[in-house]
Amino acid sequence: MTDIKELLLSRIRDVADYPEPGVMFKDITPLLADPAAFTALTDALAEIAERTGATKVVGLEARGFILGAPVAVRAGLGFIPVRKAGKLPGATLAQAYDLEYGSAEIEVHAEDLSAEDRVLIVDDVLATGGTAEAAIQLIRRAGAQVSGLAVLMELGFLAGRPRLEPALEGAPLEALLVV
């Protein structure tokens, strides 16, 4: 796993003061542009999906779509997008959550998940955990089980893990990188 960690870290670019002064943004676009690194990432996340017994992969808007869709294909699973409110046509389930300054809402198509589904949530970064926690609640409200949460990178200093562990109810939270 050390080799993959080194490969992934070498393809993540730090961008200072983005999107605002004092923030060190972790840009994954160089990783996505490198076929070997993107394939290694997809394979590692697909292995987590298989190990957790997932039947579907949920990707969180927007970079979770980029990572989650190829993971679902590689693992032979369905892919379900969790979108910002108002982006999905038809009947949806919505879940509101608090942000540092304000609130937001995410949605999923009501018919895309069932009681038979075990869902792996995939995203690029675990920061404070607000969006992931809302996704966990949304998946359970749809009647499905959460098999786990897998992220490329966990920003440990923002304490998302302690927030999410109770909500995950024993399902694993796997971060390929912790920074």
Side-chain angles (χ1 to χ4, degrees), residues 15 17-23 25-29 31-33 38 41-42 45-46 48-49 52 54-75 77-155 158-161 163-169 171 173-175:
V15 180
D17 298 322
Y18 183 82
E20 58 188 52
V23 173
F25 184 79
K26 300 293 187 182
D27 180 13
I28 68 166
T29 57
L31 187 157
L32 300 174
F38 195 13
L41 171 60
T42 301
L45 293 172
I48 294 168
T52 63
T55 61
K56 300 251 173 84
V57 172
V58 155
L60 304 182
E61 188 165 334
R63 289 178 297 239
F65 297 172
I66 297 168
L67 302 185
V71 166
V73 169
R74 180 67 45 90
L77 306 174
F79 176 77
I80 310 296
V82 168
R83 305 272 335 247
K84 294 175 183 168
K87 300 289 185 180
L88 291 171
T92 61
L93 290 174
Q95 183 68 46
Y97 63 101
D98 291 328
L99 299 168
E100 189 174 351
Y101 302 105
S103 63
E105 191 172 45
I106 55 174
E107 294 179 331
V108 67
H109 275 133
E111 71 274 6
D112 287 346
L113 294 169
S114 71
E116 291 80 43
D117 286 317
R118 290 184 43 82
V119 179
L120 178 69
I121 302 166
V122 172
D123 205 3
D124 64 330
V125 174
L126 172 60
T128 63
T131 306
E133 184 177 43
I136 291 166
Q137 294 167 348
L138 192 58
I139 290 162
R140 289 198 177 119
R141 285 184 45 228
Q145 299 174 47
V146 175
S147 71
L149 170 64
V151 296
L152 165 60
M153 194 175 1
E154 178 181 348
L155 305 179
L158 292 176
R161 182 176 292 267
R163 175 182 184 166
L164 289 177
E165 284 177 337
L168 283 165
E169 298 175 356
L173 190 171
E174 299 201 35

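In terms of modelled atom types and a separation under 3.5 Å, the side chain of Q95 and the main chain of A135 share no donor-acceptor contact. Checked by atom type and distance alone, the side chain of D17 pairs as donor or acceptor with a backbone atom of G22 at under 3.5 Å. Judged by distance alone, the side chain of R161 and the main-chain N or O of L126 form no donor-acceptor pair under 3.5 Å. Between the side chain of D27 and the main chain of T29, a donor-acceptor pair closer than 3.5 Å is present. The closest donor-acceptor contact from the side chain of H109 to the backbone of P81 lies at 3.5 Å or more, if one exists at all. Judged by distance alone, with hydrogens and angles left aside, the side-chain atoms of K56 form a donor-acceptor pair with the main-chain N or O of D112 at under 3.5 Å. When atom types are taken as modelled, the side chain of S147 and the backbone of V119 share a donor-acceptor pair closer than 3.5 angstrom.
Summarising the geometry, atom CD belonging to E174 is positioned 4.0 Å from atom CD1 belonging to I48; distances are rounded to the nearest 0.5 Å. To the nearest 0.5 Å, the span separating CD1 on I80 from CG on D117 amounts to 7.0 Å. For the atom pair OG1 of T92 and CZ of R83, the computed distance is 12.0 Å after rounding to the nearest 0.5 Å. Atom CD1 of residue I136 and atom CG of residue L173 lie 7.5 Å apart, to the nearest 0.5 angstrom. Here the OG1 atom belonging to T55 is positioned 9.0 Å from the CD atom belonging to E116, to the nearest 0.5 angstrom.
D123 has its side chain out of reach of V125: every pair of non-hydrogen atoms, C-beta onward, lies at least 4.5 Å apart.
By the 6.0 Å contact criterion, OH on Y18 is open, its count of non-hydrogen atoms from other residues, nucleotides or ligands being 12 or less.
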